[in-house]
Amino acid sequence: MKINNKFFNLKVGIIGAGSIVESLHLPVIINTVGIEPYWIFDINPERSKEIGIMYGVSVIDKLLKEHIDNIDILLVATPLFGREEIIDLLTCVKGKTIYFEKPFAISRENHHLYAKKLENHSVFIGFQRRYYPWVNIVKRCIDSGIFGKLRSVDFKQCKFDLKGGSTFLANYRGIGGGLLAESAIHSLDLIVYLTKAIDIKVVKKEFIEFSRIDFDSSSESILITDSGQVNVHLTVSNLLNETGGFIFIFDNARLSIGLNANANVVFSDSLGIERVFILDDCSMGSENDVIKLAFLKAWDSIINDSDNSLVNLRYTELTSFWLGQLYKY
Amino acid sequence: MVVGIIGATSQVGFSVALYLNKLHPVEVYCFVRSDYSKEVFELFELPVFIMDFNKNDVCVKLRECDIVIDFSYPSVDLFKIRDTLTNNISSIVSLMSPKSHYIYASSIMAFGNSDKGLLSNHFVPKSTYAMTKRFAEKQVLKIASSNDVYGVIFRLGQVHGFLQSISAMMSNDISNFDVIRVNGCKEDSVNIIFINSICESIFQYVNTRKKRHNYLIVSNPHWTLGELYEYYFNRNLNECYVDYKSSRVKKLNFNFIYTIVMKYRFIFENYILIHFPIMNLKQKGFFRVRNLVTKSNVRVNDCFHSHLLGQIKYNYLPCSSKDLTEVLRVEKLMESYYIETLRNFRK
């Protein structure tokens with residue numbers, strides 16, 4: 001279902017003037033045919049003023065129902081804990097397209113609760129990495145069964161960082177903060193998406209956390225899929241500095257992918273012989289290029305093919321559930 | 001002796017605090033901006049204080065420091081950065097005891113190299129970062145002298161250590177690539193420094209009779225490019241082929257005028273934009289939108305390491321880090337201690 005009006009640009013309202021809006025969403029919105037930024041709002045008026053000047057966008061100093069009535073698409077790029085009010089406001093408005101930055105929820109229950117409140121809208125979640133080139137390659141390998149069944153996935157993300165300056169990371173898990181919810185959730189989502197998991201069970205987890213903020217975690221989960229189960233081992237830490245990435249282990253081969261958006265896919269067969277998949281030049285470039293392209297594709301899919309968009313809300317429930325399981329005491 | 005670390009949440013700041021606390025007979029105070037990672041410091045028995053100059057205990061602790069080393073760098077827009085730096089430095093130095101030492105951790109990039117290559121001392125620096133660092137250095141010396149504090153600039157070389165991103169990257173590339181191309185010969189000098197050598201430099205400076213105001217903190221004597229890779233091969237127990245003195249060909253799609261404009265963009269930024277905040281913000285947005293999707297012609301499966309090479313005439317402090325075996329021993333010792341502490345805390 002196309003929602004693009006070919007005569008007028010669709011108006012986009014933006015709540016949240018953080019770095020993701022500044023460096024990615026706004027340049028992408030401006031560069032996307034068919035949409036234009038209409039207003040921006042942030043609880044820090046200085047910040048919204050800066051972004052308003054940077055991109056020539058009107059600034060509103062108070063979020064009212066009328067502002068949402070006047071737009072077609074709403075981008076919500078605020079921390080999870082600040083969204084209850086916004087969602088409640090949206091229940092008084094009908095028929096908008098809402099694009100939430102991740103995470104949408106940190107439990108299945110909350111996911112359903114918010115989805116129910118927003119049932120009159122088309123909702124999308126910021127899992128833009130589903131549009132990375134390597135994700136497409138790995139998906140085709142899994143779906144085709146060319147290397148046999150996928151048996152397990154190892155994921156590691158370890159980058160030493162104690163700053164936590166932004167409030168998102170520094171909020172405790174109960175309100176959407178923490179390393180898993182703020183940073184590693186993309187990778188959790190990719191694993192769910194690639195495996196087409198229908199259920200998840202966390203069997204083991206170890207955390208290093210302070211004041212209910214996770215700094216380091218190691219966990220084992222079992223993902224149930226139509227073709228069997230997949231074991232997943234996750235190591236996520238901002239207390240260590242180590243090589244990170246994904247390893248997909250099949251019956252007959254292994255695929256290794258680094259953490260960069262423009263990572264190559266390294267194939268090793270059962271004899272340990274390695275080959276590097278050099279991805280199609282049309283979709284590759286610097287890491288920044290690939291990230292921007294993924295954002296462009298996400299926005300394009302929302303406008304032009306919303307039912308099949310990879311970031312449609314209905315394809316993201318299990319990610320919220322898995323996060324909830326990992327964070328459960 | 002009491003050493004205060006400002007910006008202790010940075011990779012270098014935290015590492016220096018950790019190594020000083022564990023390996024050297026000093027008391028370490030860590031000063032941080034938020035309490036996000038306070039408990040991580042406590043886990044490693046590092047006293048930590050939130051930088052709130054309105055609080056008496058922070059002021060008292062700063063006053064107790066014989067040496068303060070400042071690794072902080074403000075994360076603000078260009079037009080705010082100079083004022084923020086000046087305020088931060090003034091606030092810290094004014095609270096220090098007379099005759100104590102304030103060490104500002106600047107960077108080798110302050111010499112003005114815009115790209116990695118041959119190190120040289122540029123009269124006009126080729127990057128905004130270098131301009132800002134030089135400004136900060138001048139402020140440090142001015143403010144320190146007016147507060148009867150010994151101010152000194154440490155221009156740090158490329159910092160290596162088990163918690164540093166560059167070390168993780170080198171280890172990763174050695175494990176994942178068969179060939180690493182580098183921009184120099186095996187015998188070329190590299191301008192690197194390990195964490196423990198930074199710690200040693202602090203004491204070398206304090207004990208030096210004829211103190212200078214500026215030092216370049218790199219391993220002295222210099223390591224060579226070959227020795228650097230040999231260190232990582234020994235550390236990782238893994239090797240790859242290093243193709244010395246290769247160069248990577250980049251195709252640029254710029255026309256001539258744009259090349260000139262981009263070459264002198266730093267003048268535009270440093271002498272014009274810094275005084276016009278609105279123009280600064282607008283140009284930032286303009287370039288982000290314009291450069292949204294740029295196609296790179298660099299082969300994506302290449303691994304190329306670019307290092308800052310060569311030596312320049314400057315003030316150096318002697319340090320013991322020439323011995324690769326000793327450096328590796330200290331690094332492994334600290335890494336084991338760190339990992340073991342985390343392992344014991346996991347639940």
Side-chain angles (χ1 to χ4, degrees), chain A residues 22-24 26-28 30-31 49-57 158-165 167 169-170 206-211 213 215-218 237-245 256 258 262-264 266 274 276-279 281-282 284-286 288-289 292-293 295-296, chain B residues 7-11 13-15 32-43 75 77 161-169 171-173 175-178 277-301 338-339 342-343 345-347:
Chain A
E22 178 191 336
S23 58
L24 283 164
L26 264 166
V28 166
I30 290 169
N31 269 291
K49 193 179 163 194
E50 269 181 23
I51 300 298
I53 293 172
M54 204 183 283
Y55 293 103
V57 184
C158 299
K159 187 175 187 298
F160 183 84
D161 184 359
L162 293 183
K163 295 202 174 155
T167 52
L169 205 59
E206 278 181 335
F207 277 78
I208 292 179
E209 61 172 18
F210 304 107
S211 305
I213 299 170
F215 283 73
D216 178 295
S217 64
S218 172
S237 176
N238 63 2
L239 298 179
L240 298 170
N241 241 348
E242 287 177 19
T243 307
S256 308
N262 61 344
N264 286 319
V266 180
E274 282 192 0
V276 176
F277 287 168
I278 300 172
L279 301 188
D281 277 348
C282 296
M284 289 299 288
S286 69
N288 275 343
D289 291 344
K292 287 166 191 167
L293 201 55
F295 271 70
L296 269 167
Chain B
T9 53
S10 63
Q11 285 184 356
F14 180 79
S15 299
V32 300
R33 273 186 292 199
S34 85
D35 59 4
Y36 165 70
S37 50
K38 191 165 166 264
E39 285 155 280
V40 177
F41 287 84
E42 287 166 2
L43 178 65
S75 171
D77 279 307
F162 75 91
L163 286 175
Q164 307 307 306
S165 296
I166 187 69
S167 296
M169 185 213 82
S171 297
N172 175 55
D173 288 351
S175 300
N176 290 323
F177 290 92
D178 295 323
I278 290 177
M279 201 189 299
N280 182 22
L281 287 170
K282 279 186 186 286
Q283 72 90 27
K284 208 174 179 184
F286 171 76
F287 275 103
R288 286 227 172 101
V289 170
R290 184 190 168 87
N291 295 332
L292 177 65
V293 180
T294 59
K295 196 167 158 58
S296 165
N297 287 322
V298 173
R299 284 167 54 199
V300 297
N301 61 334
Y338 184 80
I339 301 288
L342 290 182
R343 188 175 294 138
F345 192 74
R346 267 199 189 93
K347 49 187 175 216

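Every chain is numbered from 1, with letters handed out A, B, ... down the list of sequences.
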Practice item. Look at the aromatic rings of B:Phe14 and A:Phe160 and report parallel, tilted or perpendicular, splitting at 30° and 60°. Key: tilted
Check your understanding: Atom OH in B:Tyr36, atom CG in A:Leu162: separation rounded to 0.5 Å?
Key -> 7.5 Å
Exercise for review: Calculate, to the nearest 0.5 Å, the distance between atoms OG and NZ belonging to B:Ser37 and A:Lys163 respectively.
Suggested key: 10.5 Å
Revision key, fill the gap. If one checks every heavy atom of B:Asp173 against chain A at 4.5 Å, the contacting part turns out to be neither
Check your understanding: Is it the side chain or the backbone of B:Ser75 that comes within 4.5 Å of chain A heavy atoms, both, or neither?
Key -> neither
Practice item. Would you please indicate yes or no on a ring centroid separation below 6.0 angstrom for B:Phe41 and A:Phe210? Key: no
Revision key, fill the gap. So CG of A:Leu239 and CG of B:Leu342: to nearest 0.5 Å the spacing works out to 5.5 Å
Revision key, fill the gap. With chain A, the option among B:Glu39, B:Lys38, B:Lys282, B:Glu42 that has the most non-hydrogen atom pairs under 4.5 Å is B:Glu39
Point to revise | Approximate separation, where rounding is to 0.5 Å, of B:Arg288 CZ and A:Asn288 CG | key: 9.5 Å
Point to revise | salt bridge (charged side-chain N to carboxylate O under 4.0 Å, His left out) partners for A:Glu206, two or more places apart | key: none
Review point. For B:Ser165, what residues pass the side chain to side chain donor-acceptor pair (under 3.5 Å) criterion, not counting sequence neighbours?
Key: B:Gln11
Practice item. Kindly compute the distance separating CD (A:Glu50) from NZ (B:Lys284), expressed to the nearest 0.5 Å. Key: 7.5 Å
Practice item. Give a yes or no on whether B:Ile278 atom CD1 has more than 12 heavy-atom contacts from other residues, nucleotides or ligands under 6.0 Å away. Key: no
Exercise for review: Identify which part of B:Gln164 has an atom lying under 4.5 Å from any heavy atom of chain A, answering side chain, backbone, both or neither.
Suggested key: backbone
**Study point:** Straight-line distance of B:Asn280 CG to A:Met54 CE, nearest 0.5 Å
**Key:** 8.0 Å
Check your understanding: Would you say the side-chain atoms of B:Tyr338 pair up with the backbone N or O of A:Leu240, donor to acceptor, closer than 3.5 Å?
Key -> no
